[in-house]
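Here is the structure we will look at.
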Amino acid sequence: MIPPAFYIILSLALFLIGTLGILIRRNLLVLFMCIELMLNSVNLALVTFSRVFQNLDGQLLSFFVIAVAAAEATVGLAIILLVYRNRKVVEIDELDSMRG
Amino acid sequence: MQIAFFLFFAIAALLGALSVILQKNPIYSALSLIVVIASLGGLFLLLNANFIAVLQIVIYAGAIMTLFLFVIMMTEPRVELRPLWNFQSRAALLILLLIAGVTIWSVSSSESQITTLATNFNVKALGRMLFTSYLFPFEIISILIISSVIGALYIARKEEA
């Protein structure tokens with residue numbers, strides 16, 4: 001049997017890789033993918049704890065996370081598309097019109 | 001056997017995640033994210049979460065990533081000009097490694113163990129919970145998804161001349 005700590009550490013590693021991606025990348029779409037990566041790593045932790053405590057609430061919570069991620073991806077990608085249509089760029093370094 | 005599957009999926013997920021943030025071309029990042037999602041689906045199967053594993057493959061790898069690939073192809077991504085490995089990213093890596101160290105230390109000092117499987121740990125019980133004690137959040141989610149679809153259609157519409 002694999003100890004649950006392995007799953008938690010894997011989930012932590014995926015979450016930190018996602019955070020690092022958000023901090024170092026400059027493309028809006030890649031930033032969005034990093035957010036999806038972080039949501040997925042949280043799902044892994046939720047399902048692991050659901051298994052450890054023999055309780056289905058964690059799995060249901062990860063079901064809701066997946067549903068919210070789908071809604072978020074729809075709206076977020078529409079916004080990115082709109083930004084691209086107006087500014088012809090998806091790199092956040094060049095989207096600095098709100099800088100004072 | 002289980003250990004072998006776990007190692008396979010875990011290493012695939014980690015390499016895929018690193019590839020997501022290190023690829024210069026966003027298309028390759030999206031394809032690596034599909035690898036991560038598929039291997040997490042395998043890990044969910046190892047954890048006896050069949051329903052979540054199926055959702056992971058169908059919704060994430062099937063629907064969301066298709067949407068991502070469409071948008072990437074519509075925005076003509078270009079290769080990033082700025083170097084990734086500058087002072088800012090080095091500082092970020094250092095701080096995140098610190099967080100990782102603290103968390104691993106606290107996780108490894110706990111002593112929980114996966115016990116034997118309960119008999120009602122299946123899709124049937126999940127569905128029963130979803131439509132009894134979680135009925136209200138479930139309906140809220142449907143309203144959320146409807147409103148996000150309407151919002152996306154409104155945001156991405158063609159401006160009338």
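Chain letters run A, B, ... following the sequence lines, proteins first and then strands; every chain starts at 1.
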Structural part of [X] lying under 4.5 Å from a heavy atom of chain B:
{"X": "A/Phe63", "result": "both"}
{"X": "A/Phe53", "result": "neither"}
{"X": "A/Ile8", "result": "side chain"}
{"X": "A/Leu82", "result": "side chain"}
{"X": "A/Leu16", "result": "both"}
{"X": "A/Leu44", "result": "both"}
{"X": "A/Phe15", "result": "neither"}
{"X": "A/Glu36", "result": "both"}

Under the rule for side-chain hydrogen bond (donor to acceptor under 3.5 Å, both in side chains), what residues qualify as partners of B/Ser39, not counting sequence neighbours?
none
Same cluster for [X] and [Y] if Ile/Leu/Val/Met/Phe/Trp/Tyr side chains link at under 4.5 Å?
{"X": "B/Leu45", "Y": "B/Leu47", "answer": "no"}
{"X": "A/Tyr84", "Y": "B/Met73", "answer": "yes"}
{"X": "B/Leu96", "Y": "B/Leu22", "answer": "yes"}
{"X": "B/Val123", "Y": "B/Phe44", "answer": "yes"}
{"X": "B/Phe9", "Y": "B/Leu15", "answer": "no"}

Is it the side chain or the backbone of [X] that comes within 4.5 Å of chain A heavy atoms, both, or neither?
{"X": "B/Leu14", "result": "both"}
{"X": "B/Ile37", "result": "side chain"}
{"X": "B/Leu40", "result": "side chain"}
{"X": "B/Ile59", "result": "side chain"}
{"X": "B/Ala91", "result": "neither"}
{"X": "B/Ala10", "result": "both"}

Shorter than 4.5 Å, heavy atoms on both sides: which option in B/Gly16, B/Ala13, B/Ala17, B/Ser142 has the most such pairs with chain A?
B/Ala17
Winner by heavy-atom pair count (cut-off under 4.5 Å) against chain A, out of B/Ile141, B/Leu97, B/Leu153, B/Ile145
B/Ile141
Below 30° counts as parallel, above 60° as perpendicular, anything between as tilted: where do the rings of A/Phe32 and B/Phe68 land?
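Taking B/Phe68 first and then A/Phe32, their aromatic rings sit tilted (interplane angle of 30° to 60°).
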Straight-line distance of [X] [atom1] to [Y] [atom2], nearest 0.5 Å:
{"X": "B/Leu33", "Y": "B/Gln23", "atom1": "CG", "atom2": "CD", "result": "12.0 Å"}
{"X": "B/Ile95", "Y": "A/Leu23", "atom1": "CD1", "atom2": "CG", "result": "8.5 Å"}
{"X": "B/Ile57", "Y": "B/Ile34", "atom1": "CD1", "atom2": "CD1", "result": "10.0 Å"}

Can you tell which of A/Val75, A/Leu77, A/Leu10, A/Leu81 has the highest number of heavy-atom pairs within less than 4.5 Å of chain B?
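Top count of heavy-atom pairs under 4.5 Å with chain B: A/Leu77.
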Check ring-ring contact (aromatic ring centres under 6.0 Å, His included) between B/Phe138 and all other residues, then give those that pass, not counting sequence neighbours.
B/Phe131
